[in-house]
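Accompanying notes for the structure given below.
Note that the structure is a prediction, hence the values are computed from the model and not measured.
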Amino acid sequence: MKLGVITDGISLDYGKALQIMRQDGLQYAELQSVWDKEIGDHTEEELKSILELTKKNNMNIAAVSRHLFMGLPVMQTEVDSEAYQAQYARLLRAIKTAKYLGVDKVRTMSFSKITNIWGYHGADSEMAGDNKAWAHFLKLFEPIVQAAEDYKVTLLMETAVNAMAFSGYLARRMIRDLGSSHLKVLWDPGNTICNGDVPFPDAYEEIRDVLGHVHIKDISFSPEKAMVWSRPIGQGDMAVYWEDIADALRKDGYEGVVSLEQMYRPDGKTLFDGYREQVGEFKRIFGQE
């Protein structure tokens with residue numbers, strides 16, 4: 001598999017992050033924040049530096065991963081609203097940044113989660129009620145997908161904790177309903193497990209045919225307390241699933257990138273210490289042939 005990391009999980013200094021990646025045998029840099037800016041906000045000179053450093057370190061750029069449309073409330077947002085148009089402008093900047101860098105994958109989020117229930121056998125009227133959220137959500141996403149089609153890039157829709165597509169099933173349903181080959185799932189099982197998703201085999205079976213990218217992180221989650229803790233890979237709630245997920249990706253011939261999303265910070269230590277503590281286990285699980 002192609003192994004990478006979201007570079008700001010190592011360092012905001014892009015050159016330093018690439019050097020460490022190279023030392024650890026990780027070949028694919030996912031760009032989220034570089035230096036003091038979110039990707040998509042850099043000048044042409046800064047983008048040239050990103051390209052030069054990437055080539056100098058013999059690396060590849062996996063994706064442009066900006067936090068697009070994150071947190072926008074679905075039923076209070078319209079395509080022509082100021083908030084939507086501001087995010088859409090950021091989407092176009094991210095796409096143009098990706099094209100400049102020679103990358104064909106751009107991440108987006110799927111607005112803010114709202115209770116969305118389909119009811120059957122009587123529950124449709126008694127529990128689901130007049131459910132309009134999903135249809136409006138799809139309407140909001142149509143111009144986003146159209147931009148990906150127009151610019152010929154792949155849009156990676158991340159399964160996030162507080163988003164409309166927060167499970168494997170909903171991610172697949174979204175892609176099915178929108179019907180675009182330019183929309184793929186950025187699967188983050190460490191997010192979906194917070195919403196009761198069973199990462200393997202349930203969620204994986206849903207997204208395996210529409211999978212474009214994978215984020216790897218481990219967490220411990222307490223739903224009754226609404227608390228989440230970042231953990232080293234193999235020491236959180238995801239630990240029982242990692243080996244099966246890695247084996248399934250190999251068996252299915254997955255050709256995309258598996259990125260370490262490093263957000264674990266040990267007590268009294270740095271983010272880089274968290275990276276160093278778990279990169280070996282990440283490579284052991286997902287780097288096996």
Side-chain angles (χ1 to χ4, degrees), residues 1-39 49-50 52-67 103 107 158 160-161 186-194 199 213-222 227-247 249-250 254 256-289:
M1 274 180 282
K2 299 174 182 175
L3 300 188
V5 65
I6 302 176
T7 58
D8 57 53
I10 299 175
S11 175
L12 285 170
D13 183 330
Y14 187 58
K16 179 179 179 181
L18 291 178
Q19 290 174 7
I20 293 167
M21 286 178 62
R22 186 180 64 198
Q23 293 168 6
D24 290 332
L26 304 177
Q27 292 291 316
Y28 292 85
E30 184 174 343
L31 308 186
Q32 182 171 262
S33 291
V34 176
W35 299 308
D36 59 344
K37 297 178 182 178
E38 189 174 9
I39 192 67
S49 295
I50 288 173
E52 290 170 359
L53 286 167
T54 304
K55 292 177 181 178
K56 178 182 177 181
N57 286 277
N58 195 29
M59 291 287 174
N60 303 284
I61 300 176
V64 165
S65 289
R66 192 179 177 103
H67 291 97
V103 184
R107 179 183 69 180
E158 181 167 357
V161 177
L186 193 170
W187 187 40
D188 190 328
N191 286 337
T192 69
I193 197 173
C194 294
H213 195 80
V214 181
H215 279 176
I216 301 300
K217 64 172 177 278
D218 216 332
I219 58 103
S220 295
F221 181 61
S222 174
M227 293 181 181
V228 64
W229 296 263
S230 182
R231 304 293 191 198
I233 292 172
Q235 297 182 35
D237 294 343
M238 286 297 305
V240 297
Y241 301 109
W242 288 136
E243 300 283 355
D244 287 336
I245 289 171
D247 288 345
L249 290 170
R250 293 187 193 95
Y254 171 66
V257 173
V258 177
S259 283
L260 172 62
E261 183 181 7
Q262 163 38 26
M263 55 187 236
Y264 171 62
R265 190 189 302 270
D267 290 339
K269 296 184 179 180
T270 67
L271 200 63
F272 177 69
D273 291 326
Y275 165 81
R276 182 54 61 211
E277 190 171 320
Q278 60 182 326
V279 65
E281 184 69 356
F282 171 66
K283 289 171 59 180
R284 183 193 71 77
I285 296 171
F286 292 96
Q288 298 172 1
E289 296 297 333

Could you go step by step and tell me if Thr54 and Tyr14 meet the side-chain hydrogen bond (donor to acceptor under 3.5 Å, both in side chains) rule?
CA-CA 9 Å; Thr54 304; Tyr14 187 58; 2.8 Å; yes
Any side-chain heavy atom of Val5 sitting closer than 4.5 Å to one from Ser259?
no
Smallest heavy-atom separation, Leu3 atom then Gly287 atom, equals CD1-CA, 3.7 Å
Between the CG atom in Leu12 and the CG atom in Asp36, the distance rounded to the nearest 0.5 Å is 8.5 Å
Should the pair Asp188-Lys217 be classified as a salt bridge under the 4.0 Å nitrogen-to-oxygen rule?
yes
Carefully, step by step, assess Leu53 and Met59 under the rule side-chain contact (heavy atoms from CB on, under 4.5 Å).
CA-CA 9 Å; Leu53 286 167; Met59 291 287 174; over 6 Å; no
Answer yes or no: is there a donor N or O on one side and an acceptor on the other, between the side chain of Asp273 and the main chain of Lys269, under 3.5 Å?
no
Please determine if Glu243 and Arg284 form a salt bridge, counting it only when a charged side-chain N lies under 4.0 Å from a carboxylate O.
yes
State whether the side chain of Asp8 and the backbone N or O of Ser33 hold a donor-acceptor pair below 3.5 Å, judged by distance alone.
yes
Measuring from Met21:CE to Asn58:CG, what's the distance to the nearest 0.5 Å?
11.0 Å
Those residues at least two apart in sequence (or on a different chain) that pass side chain to side chain contact (heavy atoms under 4.5 Å, CB included) with Lys16 are Ser11, Asp13, Ile20
Which heavy-atom pair separates Gln32 from Arg107 by the least distance, and what is that distance?
OE1-NH2, 3.1 Å
Report yes if some heavy atom in the side chain of Trp242 is under 4.5 Å from a heavy atom in the side chain of Pro199; otherwise report no.
no
Could you state the interatomic distance from CE (Met227) to OG (Ser220), rounded to the nearest 0.5 Å?
13.0 Å
Take Gln27 and Lys2 through the side-chain contact (heavy atoms from CB on, under 4.5 Å) test and state the conclusion after the steps.
CA-CA 7 Å; Gln27 292 291 316; Lys2 299 174 182 175; over 6 Å; no
CD-CD1 distance between Gln278 and Ile285, expressed to the nearest 0.5 angstrom
10.0 Å
Does any N or O in the side chain of Gln262 come within less than 3.5 Å of the main-chain N or O of Tyr264, such that one atom is a donor and the other an acceptor?
yes
Indicate yes or no: at least one non-hydrogen side-chain atom of Phe272 is less than 4.5 angstrom from one of Ile10.
yes
Stepwise side-chain contact (heavy atoms from CB on, under 4.5 Å) check, Ile233 with Val279
CA-CA 8 Å; Ile233 292 172; Val279 65; over 6 Å; no
From the list Lys283, Gln19, Arg276, side-chain hydrogen bond (donor to acceptor under 3.5 Å, both in side chains) partner of Asp24 resolves to Arg276
Which atom of Glu30 lies closest to which atom of Leu186, heavy atoms considered
OE2-CD1, 4.5 Å
side-chain contact (heavy atoms from CB on, under 4.5 Å) between Arg231 and Met238, worked out:
CA-CA 10 Å; Arg231 304 293 191 198; Met238 286 297 305; over 6 Å; no
What heavy-atom pair brings Ile219 and Cys194 nearest, and what distance separates the two atoms?
CD1-SG, 3.8 Å
Applying side chain to side chain contact (heavy atoms under 4.5 Å, CB included), can you list everything that pairs with Leu249, at least two apart in sequence or on another chain?
Met1, Tyr204, Leu211, Ile245, Tyr254, Val258, Phe286
Tightest non-hydrogen contact, residues Trp229 and Ser222, listed as CZ3-CB, 3.8 Å
Taking the side chain from Arg265 and the backbone from Thr270, do they hold a donor-acceptor pair closer than 3.5 Å?
no
Mind checking the OG-CD1 spacing from Ser65 to Ile6? Nearest 0.5 Å is all I need.
6.0 Å
Between atom NE2 of His215 and atom CG of Leu260, what is the distance when rounded to the nearest 0.5 Å?
9.5 Å
When you check the gap from the basic side-chain N to the acidic O, do Asp247 and Arg250 get nearer than 4.0 Å?
yes
What closest approach, in Å, do Asp237 and Asp218 show between heavy atoms, and which atom pair accounts for it?
N-OD1, 3.4 Å
